[in-house]
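One structure is given below, encoded as structure tokens.
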Amino acid sequence: MSIAYIIIGLVLLVFGGNFLLKAAVGLSLKLNIPKIVIGMTVVSFATSAPELIVSIKSALDGATGLAVGNVIGSNIANIALVLGVTIILSTINVEKSFYQTDWPVMMFASLLFYSFIAFDNTIQQYEGIIMVSLLIVFLIYLLKFQKTAVVDEMPEDDEELPLYKIVLFLVLGGLGLWGGSELLVDGATTLAKGLGVSEAIIGVTIVSIGTSVPELAASIIAVLNKEKAISLGNLIGSNIFNILAVLGITSIITPITVNPGDMSLLDHDIYWMLAISFIILPLVFFPKGYRLNWRDGIILLSLYGLFIYQTIS
């Protein structure tokens, strides 16, 4: 049954990623908005839905530390794992707006999260309101001023769709990614437990990677379809959404407190998140400027492997 869940989950992820990609391209053409903006908004919100659901449920159940760990682990996986795999598959050439707007906003959100939680171990309700307010301002800015940050190779293949198809594909894509990730995580967790793998290792690997599976599926499918702007925008946008929307909304519902037993999140994991978020910038410029390629992907995957090793050892 576990293997069946894994297989069905993977199939749903592929179909969900394809539907979401079609909706994103169609929406970009219909509204005449750069694809990276669609990636950072519509696609990011859809792929961040698992983190939002998990975090709100955890907070309502009193496990607020899990909400923080979910976001930190997912943000690390989005960059080090998902972006790493994506750029190994295909080089991404980036434009100025990536390092002038997109990356700085992600770093600002990450540092804001750190400043809110590092000193009192709590994200208060008013801090959550600040986060959500900043997200709204950022979205307005994106829709009005953002320029293309990635040049796609085959824009002539884009297909304009009627509005009802865009909405249908968006819903089907989001549901496919969510359902696929749930089945995949459940199947993998049950299989790992059956093989005698410890809960700690399952938590830091399968569960943290599992909430990033929608981003991984959407990004790989986007790159394979030469829609690199949607891929990169999805990952940067997902990290921004995870902090400003997921933690913001969750802390408005109930303050998020990291308990003494979960202090490794603030003593270790959050610094990994900040470092991995930061390292994208120098990777974009070195050794050759304005691109991320397979060498950068190997560096990111190596860092993710080191993070996992340090966490479980």
Side-chain angles (χ1 to χ4, degrees), residues 44 47-48 50-51 54-55 58 64-88 102-123 131 198-213 215-216 219 232 234-244 246-247 250 256-284 286 292 295-313:
S44 293
T47 56
S48 291
E51 285 90 344
V54 168
S55 294
S58 301
T64 52
L66 182 58
V68 175
N70 175 39
V71 167
I72 292 175
S74 179
N75 278 19
I76 292 171
N78 281 349
I79 300 299
L81 173 65
V82 179
L83 183 61
V85 171
T86 302
I87 57 181
I88 284 174
D102 307 334
W103 178 86
V105 170
M106 182 183 68
M107 280 306 303
F108 174 78
S110 301
L111 291 168
L112 183 71
F113 166 37
Y114 175 79
S115 69
F116 280 168
I117 203 168
F119 303 105
D120 60 358
N121 305 339
T122 302
I123 301 178
M131 286 178 163
S198 73
E199 295 256 350
I201 294 176
I202 291 170
V204 79
T205 54
I206 296 171
V207 176
S208 66
I209 293 170
T211 55
S212 289
V213 164
E215 284 88 351
L216 181 60
S219 294
L232 185 62
N234 170 38
L235 298 177
I236 300 297
S238 287
N239 278 20
I240 294 169
F241 263 83
N242 284 346
I243 294 170
L244 298 183
V246 175
L247 290 179
T250 305
I256 298 174
T257 301
V258 177
N259 298 316
D262 297 321
M263 287 308 294
S264 63
L265 290 170
L266 303 184
D267 296 337
H268 174 264
D269 299 350
I270 198 167
Y271 293 106
W272 270 96
M273 184 195 77
L274 292 171
I276 285 174
S277 297
F278 174 79
I279 201 172
I280 307 174
L281 189 66
L283 289 179
V284 165
F286 302 105
L292 291 165
R295 295 180 187 87
D296 304 313
I298 291 173
I299 291 171
L300 290 174
L301 285 179
S302 299
L303 287 172
Y304 191 70
L306 181 60
F307 164 71
I308 295 293
Y309 173 77
Q310 285 197 349
T311 303
I312 65 178
S313 61

Who passes side chain to side chain donor-acceptor pair (under 3.5 Å) against Trp272, sequence neighbours left out?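 Trp272 satisfies side chain to side chain donor-acceptor pair (under 3.5 Å) with His268, Gln310 once adjacent residues are dropped.
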Output all residues satisfying side chain to side chain donor-acceptor pair (under 3.5 Å) with Thr122, sequence neighbours left out; order by chain, then residue number.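 So Thr122 forms a side chain to side chain donor-acceptor pair (under 3.5 Å) with Thr257.
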Interatomic spacing from [atom1] in [X] to [atom2] in [Y] - rounded to 0.5 Å:
X: Leu112; Y: Ile243; atom1: CG; atom2: CD1; answer: 8.5 Å
X: Leu83; Y: Ser238; atom1: CG; atom2: OG; answer: 11.5 Å
X: Phe278; Y: Leu111; atom1: CZ; atom2: CG; answer: 10.5 Å
X: Ile276; Y: Ile299; atom1: CD1; atom2: CD1; answer: 12.0 Å
X: Ile117; Y: Ile123; atom1: CD1; atom2: CD1; answer: 4.0 Å
X: Asn242; Y: Met273; atom1: CG; atom2: CE; answer: 10.0 Å

Check: Ile280 and Met106 side chains under 4.5 Å, non-hydrogen atoms: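 Contact flag for Met106/Ile280 side chains = yes.
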Can you find a pair of side-chain heavy atoms, one from Val284 and one from Leu292, that are under 4.5 Å apart?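 Counting from C-beta outward, Val284 and Leu292 do come under 4.5 Å.
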Which pairs, with at least one residue in residues 107-121 and sequence neighbours excluded, count as a side chain to side chain donor-acceptor pair (under 3.5 Å)?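 Residue pairs passing side chain to side chain donor-acceptor pair (under 3.5 Å), neighbours aside: Tyr114-Tyr271.
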Residues in side-chain contact (heavy atoms from CB on, under 4.5 Å) with Ile279, at least two apart?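 Partners of Ile279 by the side-chain contact (heavy atoms from CB on, under 4.5 Å) criterion, ordered by chain and then number, come out as Pro282, Leu283, Leu300, Leu303.
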The criterion is side-chain contact (heavy atoms from CB on, under 4.5 Å); which residues satisfy it with Val105, sequence neighbours excluded?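 With neighbours one apart ignored, the set is Thr101, Phe138, Ile240.
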For a quick test of reading the model, state the closest non-hydrogen atom pair linking [X] to [Y] and the distance between them.
X: Val82; Y: Asn78; answer: CB-O, 3.2 Å
X: Asp102; Y: Ile236; answer: O-CG2, 3.7 Å
X: Ile76; Y: Asp269; answer: CD1-O, 3.7 Å
X: Tyr304; Y: Ala80; answer: CB-CB, 3.6 Å

For a side chain to side chain contact (heavy atoms under 4.5 Å, CB included) with Phe113, tell me which candidate from Ile72, Leu274, Leu244 qualifies.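 Only one option passes, and that is Ile72.
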